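Quick caveat: nothing in here was measured; it's all calculated off a predicted structure. One-based numbering, in listed order, for ligands and for the atoms of each.
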Amino acid sequence: MDYLIVSDTHGDREILEQLVVHYQGQVRAMFYNGDSELDADDELFKTLLPVRGNVDFDAMFPDDRTYRDQDIAIYQTHGHLFHTEVGINWLLTQVEPMQVDVVTVGHTHQLGSEVLEQKLFINPGSISLPRGPYAYLKGTYAILSVTPKELKVQYYTRDFKPVEGLEFTFKRADLRK
Ligand SMILES: [Mn+2]
């Protein structure tokens, strides 16, 4: 089962539309982690599952979401409510009691995937305004692939091509029991 994760378009509606067209019917769900600067009733959000970012002013966006599928539970939030721009510790404390396998955020515009406290944290980076060591890729999103034994995260660029070297595999045995 594959899941698309994308964040921080900041008005770049075009790329979201392209992703929806490209991945419709190809993935189980599409997560949008905030800062679209679109209205919550935009038709893209009939397909993309959004949360509210710090520059989303439409209060109809939810602050967070816990998504449960047959083999995975994912907690999704933008990150600003947990001040992830200054570090991940507060978020880590708050998600600790949650019965989820994956925590996915945006906000920092920097991609990253790592296991902390037996949960897999995934930031897809910003597809439109990337920052940090991978900013040279000019924007990224992530595909999470879920199997009973492994979680795999592959980063892609705006041309829907996988980035060599940005593929990470995590054994489910190392995640929450
Ligand atoms: Mn942002």
Side-chain angles (χ1 to χ4, degrees), residues 2-23 27 29-67 74-95 98 100 102-116 119-144 153-163 166 168:
D2 289 350
Y3 301 86
L4 171 85
I5 307 173
V6 58
S7 195
D8 290 274
T9 48
H10 289 275
D12 182 6
R13 189 179 183 282
E14 174 88 25
I15 189 67
L16 282 184
E17 206 168 351
Q18 289 174 17
L19 283 167
V20 165
V21 168
H22 189 82
Y23 283 101
V27 293
M30 302 187 202
F31 294 92
Y32 184 74
N33 291 359
D35 278 359
S36 64
E37 304 182 26
L38 300 172
D39 293 332
D41 64 2
D42 192 291
E43 69 173 293
L44 289 173
F45 299 122
K46 289 175 181 161
T47 308
L48 298 160
L49 299 171
V51 287
R52 189 178 179 183
N54 51 301
V55 299
D56 289 322
F57 297 106
D58 191 331
M60 293 305 287
F61 286 116
D63 283 333
D64 57 3
R65 163 183 290 107
T66 302
Y67 173 96
I74 299 171
Y75 178 70
Q76 177 199 21
T77 194
H78 184 60
H80 65 296
L81 298 173
F82 301 95
H83 313 290
T84 56
E85 69 280 0
V86 295
I88 204 165
N89 282 329
W90 180 241
L91 175 64
L92 208 50
T93 307
Q94 297 306 297
V95 301
M98 294 182 190
V100 296
V102 171
V103 176
T104 188
V105 295
H107 190 43
T108 61
H109 298 208
Q110 294 200 42
L111 66 83
S113 292
E114 63 181 326
V115 172
L116 298 166
K119 292 180 177 72
L120 174 57
F121 286 73
I122 302 170
N123 191 323
S126 168
I127 186 85
S128 306
L129 295 167
R131 298 185 197 126
Y134 296 102
Y136 72 92
L137 293 170
K138 301 202 162 74
T140 55
Y141 63 96
I143 298 288
L144 166 68
V153 179
Q154 170 73 65
Y155 287 90
Y156 288 76
T157 41
R158 292 172 64 99
D159 52 6
F160 316 117
K161 295 210 171 86
V163 182
L166 287 184
F168 306 97

Revision key, fill the gap. Ring pair (Phe, Tyr, Trp, His ring centres under 6.0 Å) test vs His22 passes for just one of Phe160, Tyr156, Tyr141, namely Phe160

Check your understanding: Which protein N, O or S atoms lie under 2.8 Å from the Mn ion (ligand 1), given by chain and residue number?
Key -> Asp8 OD1, His10 NE2, Asp35 OD2, His109 NE2

[X] side chain near [Y] side chain, heavy-atom distance below 4.5 Å:
| X | Y | result |
| --- | --- | --- |
| Asp35 | His78 | yes |
| Leu38 | Phe45 | yes |
| Val163 | Leu137 | yes |

Review point. Can you tell me if OH on Tyr134 sees more than 12 non-hydrogen neighbours from other groups inside 6.0 Å?
Key: no

Check your understanding: Would you call the rings of His109 and His10 parallel, tilted or perpendicular if under 30° counts as parallel and over 60° as perpendicular?
Key -> tilted

